[in-house]
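Some notes on the structure that comes next.
Because only heavy atoms are used, hydrogens play no part in the values below, and waters and symmetry mates are left out as well, while side chains stay in. Remember, it's 1-based here, ligands and their atoms both numbered in the order they're listed.
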Amino acid sequence: MKRIAVLTSGGDSPGMNAAIRAVVRKGLYHGIEVYGIYRGYMGLIQADWTRLSVGSVGDIIHRGGTILHTARCEEFRTAEGQDQALSNLRKENIEGLIVIGGDGSFRGALALNDKGFPTVGVPGTIDNDIEGTDFTIGFDTAVNTVIHAIDQIRDTASSHERTFIIEVMGRNAGDIAMWAGLADGAESILIPEAPVQWDEIAHRLKRGNKRGKRHSIIIVAEGVCSGTEAKEKIESITGYDTRVTVLGHIQRGGTPTAMDRVLASRMGAKAVDVLLAGECGQMVAIHRNEIKAVPLREALATKRTADLSMYDLAEILAI
Ligand code: ADP
Ligand code: F6P
């Protein structure tokens, strides 16, 4: 291969820039040209791209977001959209593509690969919901953002002796809620992977109250219900004064942690190696601290399940 391209797609995540930098610099190291596609699959359809140099990815390793921008592109879900993208890529003599994104973006990557265009995925999403990899780029930063916010809310919860519900992101996945809950000693954690037992949650609150605990933190993943719904439910059972904080998109931005920068650098570089080795239709992954490649199809075939032993541990420790 002489020319490859990289794009970021779906929800942005901290560390995507570090991954772009690694792709570009590892590509240049191997003597190939690297193009950056703007706005994910939208840029493929519109042939909106630029050639990236060593300098164009300088000073971005520490920045959240993505210098290539990202988008959700309905047109790319259609055969016409994909064919237009392929025709644009071939006209420009681009021979391989690296897609940094979540599972939706990987379905698009697999579609291109199935049509004969070598494509490799790099998991970039705060949700940590991709099968085949222990971690995705951005997850560690998002969890740190959440625990920083909860540490602040804890002060107010304690001063006012209130119960706080913190709604965190995670459409179908509870990892952000579970990790933040364990890291912050939350009283209860609500995740889509485990049944919600409102009476048990209320019982725990009352039990804590009886032994003198006057404030509590409950973390709810948005995939379970909204923070407001959780508040109504808990207030109706316990009668406790409850407040809700929805952390929202602050979880997606910000300076990536060292863990995310290192993960992104390792994964981005590996994606170039995988593409150049002709192993297309793969996703780079981390397992037991080893960076490897797994088939995209396999990663997409199964829904990643949360490690419920961590969930159980959080409950035991919050007794
Ligand atoms: P994420 O990658 O964060 O999961 P989305 O699910 O929104 O984000 O997907 C990002 C983009 O990937 C979509 O806007 C669309 O362009 C593309 N995409 C998603 N699913 C498919 C699919 N089944 N076939 C082709 N492209 C897809
Ligand atoms: O997939 C990442 C994610 O942040 C989810 O946790 C969240 O539900 C979703 O994206 C929000 O998407 P949007 O930015 O389009 O509202």
Contact with ligand 2 for G102, non-hydrogen, under 4.0 angstrom | no

Measure from the side-chain N and O atoms of Q251 to the backbone N and O of I126, and report whether any donor-acceptor pair falls under 3.5 Å.
-> no

For G170, the atoms of ligand 2 under 4.0 Å from one of its heavy atoms are 6 (O)

Flag for T257-N144: side-chain donor and acceptor within less than 3.5 Å | no

Salt bridge check: are R171 and D129 linked by an N-O gap of less than 4.0 Å?
-> no

Report, in ascending order of atom number, the atoms of ligand 2 lying under 4.0 Å from any heavy atom of E222.
-> 5 (C), 6 (O), 7 (C), 8 (O)

Number the atoms of ligand 2 from 1 as they appear, then name those within less than 4.0 Å of a heavy atom of R252, with their elements.
-> 3 (C), 4 (O), 9 (C), 10 (O), 11 (C), 12 (O), 13 (P), 14 (O)

Using a threshold of 4.0 angstrom between heavy atoms of the protein and any atom of ligand 1, which residues qualify?
-> S9, G10, G11, Y41, R72, C73, F76, R77, Q82, G102, D103, G104, S105, R107, G108

Scan side-chain atoms only and decide if Q84 and N88 contain a donor-acceptor pair under the 3.5 Å cut-off.
-> yes

Atom 15 (O) of ligand 2 sits nearest the protein heavy atom R72 NH1, 2.5 Å

Using distance only, find each side-chain donor-acceptor pair of residues 261-268 under 3.5 Å and give its atom names and separation, not counting sequence neighbours.
residue : atom : partner : partner atom : Å
R261    : NE   : P256    : O            : 2.9
R261    : NH2  : P256    : O            : 3.3
S265    : OG   : R261    : O            : 2.7
R266    : NH1  : N289    : OD1          : 2.8
R266    : NH2  : N289    : O            : 2.9

Please identify which atoms of ligand 2 are closer than 4.0 Å to at least one heavy atom of H249.
-> 13 (P), 14 (O), 16 (O)

Residue-ligand contact Q251/ligand 2, heavy atom below 4.0 Å | no

